[in-house]
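Supplied in structure tokens, the structure appears directly below.
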Amino acid sequence: MEKLYIVMVGLPARGKSTVAKRLREGLCAENVETRIFNNGDLRRVHFGNSSAMPEFYHPDNQEGRTKREELALANIRSAKVWLEEGGSVAILDATNASRSRREVIERELQNAPILYIECVTDDPELLRLSVQRKAKLPELAHLSVEEAVAAFTKRVEYYHRISVPLEDEGAYVRVDSFRNEILKEQFSYKIPYYLRIRDILISDWVRELYLARHGESLFNIESRIGGDAPLTAKGRMQAAELATHFQDMEIPYIFTSYRKRALETAAPIAEMHPEAILISLTELDEIDAGVCDGMRYEDIRRTMPKEFAARAADKYHYSYPQGEGYASMRARVERGLRKALFLSGGVQGTVIIGHQAVNRTILSLFLFRRTADVPYIYVPQNQCFHIEATHQRKLFEMVRFSEQV
């Protein structure tokens, strides 16, 4: 089979390792033997906690630079040996941010074409959350959360000083790793497997995503919309049963809105999985009902008959006065879903606790419903949705976890 080196490029917390894992999985599914050679894994084995300190990455730290260059060279040569012994695609997963590092790669790896893949993203909140997630790295475990975040932020700053974007390399792709969008392609020679690689790069990648609605809230039983009501006793029971459903699974990430009912539903899962990272996103907040927030539909029909009639005539495009509707909230909910998938790194067992309109909007991205039908997608409080979607596999199923309808 044809041989290829894929060299990941980009500052820390830009999704390089997630993209590398997707490429490995996608290419292996096509019977293209692929292996990742990760500099960070090698560094943690050799230096452990000593590599946690940001000064290890200071461009003027000669000792730290020498150690990092030696590890990088060892990884490069391991990839070369593996390719010569029968492998097909070797992925070098590291920042590879400097032109000097890429010159070493090109000098060492002349036995097969090199494709550079540069991962970029410019969403400031996403980067902030990514850094907080990176603070969980093994070499930072001995630090407090605040110390770990500060250390990793400084590390990023040092890498930024030496970073040179791809420009003169023979074959490269620049990817928005948040939107899964190719920003630029440049080739001066043929790249094996590129059609497959390109498809993987632009595919949304969902692995064992569980989408659940919050348990019954006080506003649910009063038929009120919006608000920030807590769960009822029944809702707390549903939350406990949802946690029990996940008890034997690995749950690395839980995403919620900032609403009490979503956070209270997530709490039993977080207690059962103390290692899970819980992240709240404003993009997952329920539809903004504007001036109608906290009202019952019967109140709206009686006091705002024109608004009630307009909503009934076109529920998808209707927006509440000074609020939003399904059509106007779609972009922010999709952004929230993308944030959850990016931050979780595509790992299996990610849980999202959402709301009825939010979950309908997310589900519509997978169910191919007509827009007019989105407001009527069934989102029960005693079942969750199990979703998988890669470029080769699509799975969607409803899973009952409670008899508390």
Side-chain angles (χ1 to χ4, degrees), residues 2 4-10 13-36 38 88-93 115-123 126 130 133 166 171-187 191-211 252-253 255 281 283 330-352 361-369 385-397:
E2 293 183 283
L4 175 67
Y5 293 106
I6 295 177
V7 177
M8 306 304 299
V9 176
R14 264 61 176 184
K16 297 184 301 300
S17 294
T18 298
V19 172
K21 290 173 184 175
R22 290 177 181 175
L23 288 167
R24 179 187 60 193
E25 181 177 340
L27 289 170
C28 286
E30 296 280 341
N31 295 319
V32 178
E33 191 173 0
T34 305
R35 180 177 294 182
I36 295 172
N38 183 284
S88 296
V89 177
I91 302 175
L92 296 176
D93 183 13
L115 171 65
Y116 292 96
I117 297 180
E118 183 177 18
C119 294
V120 300
T121 185
D122 57 2
D123 186 307
L126 187 67
S130 293
R133 177 174 59 91
L166 296 173
Y172 72 84
V173 183
R174 182 170 293 119
V175 180
D176 183 327
S177 48
F178 172 52
R179 298 177 179 85
N180 298 331
E181 176 183 350
I182 291 177
L183 304 176
K184 185 176 180 180
E185 298 171 288
Q186 179 170 296
F187 302 99
I191 296 296
Y193 316 112
Y194 186 64
L195 290 180
R196 278 172 274 191
I197 290 170
R198 194 182 199 283
D199 184 52
I200 294 168
L201 292 176
I202 62 175
S203 295
D204 292 325
W205 211 269
V206 181
R207 297 295 309 278
E208 284 198 11
L209 171 67
Y210 293 92
L211 178 66
Y253 288 90
F255 294 91
L281 300 173
E283 289 90 347
R330 180 185 175 93
R332 63 104 165 162
V333 172
E334 183 174 353
R335 186 170 64 251
L337 174 62
R338 287 190 177 278
K339 279 188 177 182
L341 296 176
F342 181 92
L343 292 168
S344 66
V347 298
Q348 300 182 16
T350 295
V351 174
I352 294 178
T361 302
I362 292 174
L363 291 171
S364 71
L365 302 174
F366 299 99
L367 292 177
F368 309 104
R369 295 289 182 91
F385 298 88
H386 174 209
I387 303 169
E388 290 197 34
T390 68
H391 78 305
Q392 283 202 326
R393 174 180 169 82
K394 301 289 186 289
L395 171 66
F396 180 92
E397 62 177 342

> Rounded to the nearest 0.5 Å, what separation is found between the CZ atom of Arg332 and the CZ atom of Arg330?
Replying inline: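 The CZ atom of Arg332 sits 13.0 Å away from the CZ atom of Arg330.
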> So, for Phe187 and Ala171, which heavy atoms are closest and what is the spacing to 0.1 Å?
Replying inline: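 In this case the closest contact between Phe187 and Ala171 is CD2-CB, 3.8 Å.
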>> Please give me the minimum heavy-atom distance between Ser17 and Asp93, naming the atom from each residue.
In response: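 What the structure gives for the nearest pair is OG-OD2, 2.7 Å.
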>> For a side chain to side chain contact (heavy atoms under 4.5 Å, CB included) check, start with the C-alpha distance between Leu4 and Tyr194, then their side-chain angles and the critical distance, and finish with the verdict.
In response: CA-CA 10 Å; Leu4 175 67; Tyr194 186 64; over 6 Å; no
> What residues, two or more places apart in sequence or in another chain, satisfy side-chain contact (heavy atoms from CB on, under 4.5 Å) together with Leu337?
Replying inline: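 Residues passing side-chain contact (heavy atoms from CB on, under 4.5 Å) with Leu337: Leu209, Leu341, Ile352, Ile362, Leu365, Phe366.
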> Which class fits the ring pair Phe178 and Phe342: parallel under 30°, tilted 30 to 60°, perpendicular over 60°?
Replying inline: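 Judged by the thresholds at 30° and 60°, the geometry between Phe178 and Phe342 is perpendicular.
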>> Which heavy atom of Val175 sits nearest to which heavy atom of Ile117, and what is that distance?
In response: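 So the minimum-distance heavy-atom pair works out to CG2-CG2, 4.1 Å.
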>> How long is the straight-line distance from CD1 of Ile6 back to CG of Leu27, given to the nearest 0.5 Å?
In response: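 If I round to the nearest 0.5 Å, the distance is 6.0 Å.
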>> Among Thr350, Ile387, Val351, exactly one meets side-chain contact (heavy atoms from CB on, under 4.5 Å) together with Tyr210. Which residue is that?
In response: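 One option only clears the test, and that one is Val351.
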> Can any side-chain N or O of Tyr193 pair as donor or acceptor with the backbone N or O of Glu2 at less than 3.5 Å?
Replying inline: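 Confirmed, Tyr193 side chain pairs with Glu2 backbone.
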Identify all side-chain donor-acceptor contacts of residues 19-26 below 3.5 Å with residues at least two apart in sequence or on another chain.
from, atom 1, to, atom 2, distance (Å)
Arg22, NH1, Asn180, OD1, 3.2
Glu25, OE1, Arg207, NH1, 2.7
Glu25, OE2, Arg207, NH1, 3.0

> What distance do Arg338 atom CZ and Asp123 atom CG have between them, rounded to the nearest 0.5 Å?
Replying inline: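 It comes to 12.5 Å.
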>> To the closest 0.5 Å, what do you measure between CG (Leu92) and CD1 (Ile36)?
In response: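 The CG atom of Leu92 sits 10.5 Å away from the CD1 atom of Ile36.
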> Roughly how far, to the nearest 0.5 Å, is the CZ atom of Arg198 from the OG atom of Ser203?
Replying inline: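 If I round to the nearest 0.5 Å, the distance is 10.5 Å.
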> To the nearest 0.5 Å, what is the distance between CD (Gln348) and CD (Glu388)?
Replying inline: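 So the CD of Gln348 and the CD of Glu388 are separated by 6.5 Å.
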>> Please check: side-chain N/O of Ser88 versus main-chain N/O of Val32, any donor-acceptor pairing under 3.5 Å?
In response: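 Side chain of Ser88 to backbone of Val32: no pair is present.
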> Sequence neighbours excluded, which residues qualify as salt bridge (Lys or Arg N to Asp or Glu O under 4.0 Å) partners of Asp199?
Replying inline: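 Applying salt bridge (Lys or Arg N to Asp or Glu O under 4.0 Å) to Asp199 gives none.
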> What are the two closest non-hydrogen atoms of Gly345 and Thr18, and how far apart are they?
Replying inline: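 So the minimum-distance heavy-atom pair works out to CA-OG1, 3.3 Å.
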> Which atom names give the shortest non-hydrogen contact between Met8 and Lys16, and what distance separates them?
Replying inline: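 Where Met8 meets Lys16 most closely, the heavy atoms are CE-O, 3.6 Å.
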>> Has Arg174 got a side-chain atom pairing as donor or acceptor with Lys184's backbone, closer than 3.5 angstrom?
In response: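 No, Arg174 side chain to Lys184 backbone: no donor-acceptor pair under 3.5 Å.
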> His386 and Leu395: side chain to side chain contact (heavy atoms under 4.5 Å, CB included), yes or no, with the steps?
Replying inline: CA-CA 8 Å; His386 174 209; Leu395 171 66; 3.5 Å; yes
> Minimum heavy-atom separation for Leu343 to Ser130, with atom names?
Replying inline: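 In terms of heavy atoms, the two residues are closest at CD2-OG, 3.5 Å.
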